[in-house]
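Here's the structure we're looking at; comments come further down.
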Amino acid sequence: MLTINLIREKKELIIERLKIKNFDAEEIITRILALDLSRREIQSKAESLQSDMNRMSKEIGALMKEGKKAEADSTREKTSWLKEEVRSLNDKILPIEEDLKKEIIRLPNLPHISVAPGYGADNNVKVREGGTIPILPDSALPHWDLIKKYDIIDFDLGIKLTGAGFPVYKGKGAKLERALISFFLDKAVFAGYTEMMPPIMVNEDSGFGTGQLPDKEGQMYNVGLDGFYLIPTAEVPVTNIYRDVILSSDQLPVKNVAYTPCFRREAGSWGAHVRGLNRLHQFDKVEIVQIAHPDNSYIALEDMVRHVESLVSELGLPYRIMRLCGGDMSFTSSLTYDFEVWSAAQKRWLEVSSVSNFESFQANRLKCRFKEKGEKQTRLVHTLNGSALALPRIVAAILENYQTENGIKIPAVLVPYTGFDIIT
RNA sequence: GGAGAAAUGGCAGAGCGGUCGAAUGCGGCGGUCUUGAAAACCGUUGUCCGCCUAUCGGUGGACCGGGGGUUCGAAUCCCUCUUUCUCCGCCA
């Protein structure tokens, strides 16, 4: 959510910058400014009358004490119309504020200056790449065949228990999953992140804080009876830890990491390219989150990108880092880097991580602020997060890229975690 | 699930219709003292919104778990929701 101050002061700049995201903000901003103005006018009026009321109430109190009942009563009579007036003005403010908020939350975050215009994945910019693309024999299998061949992930069983997109990991498949989670967590803790185990259901306030609600309601599973939502990513609980919090500048940056299962309804997104592990309703992910000083948030972003890069690189997966264009970036993001790994049997790139700086956009929804040491003024923090990493596609890439005639080899860094070096 | 009690500033804890944004203690910040530190003493100490102001700041309004109500006036009374604690029941 952009701040009302920014909208008041930098209207033209916002309109310009949002064009990069192919968003026409002009009409919305015009409405916002009009609502803002009328809100302030009414508020001023109401508050000055309220001030009169407060003064008269005190007078009545004083008169009663002195025993001047008649004078107190005459003052009391005078307050009645004021009371009406204040009430009717305040009643006008509420719906205006609601409308104002409704309009403001429709504005996407401003893209960073380095973000290129564009409409989709084709306009993303390749920043770096690494690793070597393996050449597999013609007999190489896609991962959905490999998991059957080695009996390590069972989709049919998941369908029986829950439904499509809820796989059951079995034997060495389950162990590989757990090994990856441990590996990712250990790496993050070593890099200075604090491990968290948050709830995987959140309330509505949390959903609003990170931007899933109210618009992306259909993406999350709703536990109707209790009004909770299953988290689509650990970003939601871990970032919302700092909702309504004022940090001191020497606590920044806050660096947290969490493993959680993630749940996504993925309504309407099924089709080609979603076979096997490519898209699931429930999957495992390790997420890193930083709360940063606004002056340093792009250093933090770079730091996170390097961290994620070290993970894919140590797993020996061919990868590339893409800077998303305006049209491919999320509503809430200022700058996003996507990590893609090469899936050797599908012969395509799979997105395994998305690392973003939200600047103060989430912080404003969260009311997460900080104070510079010794200063009175509060400022909004910057929030960042990134997958480090999302498991299913990493598993898919490992299975495909590391397949041999004798079985699937396990990347060397994982062997201490799995306890085996080949799946047969 | 049943029966009671409670929710106040960073923390602890008073207040239970008017002078309360809120005593007191601790903590934090600034100062005096000291070679330095501690102790002691003095001062200061929240958030949001509006208006005025180039800035420092001034001024008005709101905030005592959330929401609603009674009243000229609510931290204080009433309703409701949430959370916590105690006892009983159930239970990984």
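So that the names make sense, note that chain A is the first sequence line, chain B the second, and so on, each numbered from 1.
Rounded to whole Å, the C1' atom of G18(B) lies 38 Å from the corresponding atom of A3(B).
Between His293(A) and Phe370(A), the gap from one ring centroid to the other is short of 6.0 Å.
OP1 or OP2 of C29(B) has not a single side-chain nitrogen or oxygen of Lys376(A) nearer than 4.0 Å. Checking the phosphate oxygens (OP1, OP2) of U59(B), no side-chain nitrogen or oxygen of Ser48(A) falls inside 4.0 Å. In this structure, Lys45(A) does not reach the G50(B) phosphate: none of its side-chain N or O atoms is under 4.0 Å from OP1 or OP2.
You'll find a donor-acceptor pair under 3.5 Å spanning the side chain of Glu47(A) and the base of G60(B), going by distance alone.
Mapped onto RNA chain B by nearest heavy atom, Asp36(A) and Met56(A) fall at different nucleotides, with Asp36(A) at the one closer to the 5' end.
With 3.5 Å as the limit, one finds no donor-acceptor pair spanning the side chains of Gln290(A) and Asn357(A).
Secondary-structure stems of RNA chain B, taken as three or more successive Watson-Crick or G-U wobble pairs (i with j, i+1 with j-1) under a 3.5 Å distance threshold, comprise B:1-7 with B:82-88, B:10-12 with B:24-26, B:27-32 with B:40-45, B:46-52 with B:57-63, B:65-69 with B:77-81.
Put simply, CD1 on Ile60(A) is 13 Å from P on U19(B), counting in whole angstrom units. Rounded to a whole Å, the CG atom of Asn203(A) is 11 Å from the P atom of U83(B). Atom P of nucleotide G73(B) and atom CG of Leu82(A) are separated by 11 Å, given to the nearest angstrom. Here C49(B) presents its C1' atom at 14 Å from CG of Asn364(A), a figure rounded to the nearest Å.
In this structure, Arg106(A) pairs ionically with Glu103(A), as a charged nitrogen and a carboxylate oxygen lie closer than 4.0 Å. Between Asp303(A) and Arg306(A) there is no salt bridge, since none of the side-chain N atoms of the basic residue sits less than 4.0 Å from a carboxylate O of the acidic one.
Contact annotation for Thr79(A): backbone-only contact, meaning every heavy-atom pair under 4.0 Å involves sugar-phosphate atoms and none involves a base.
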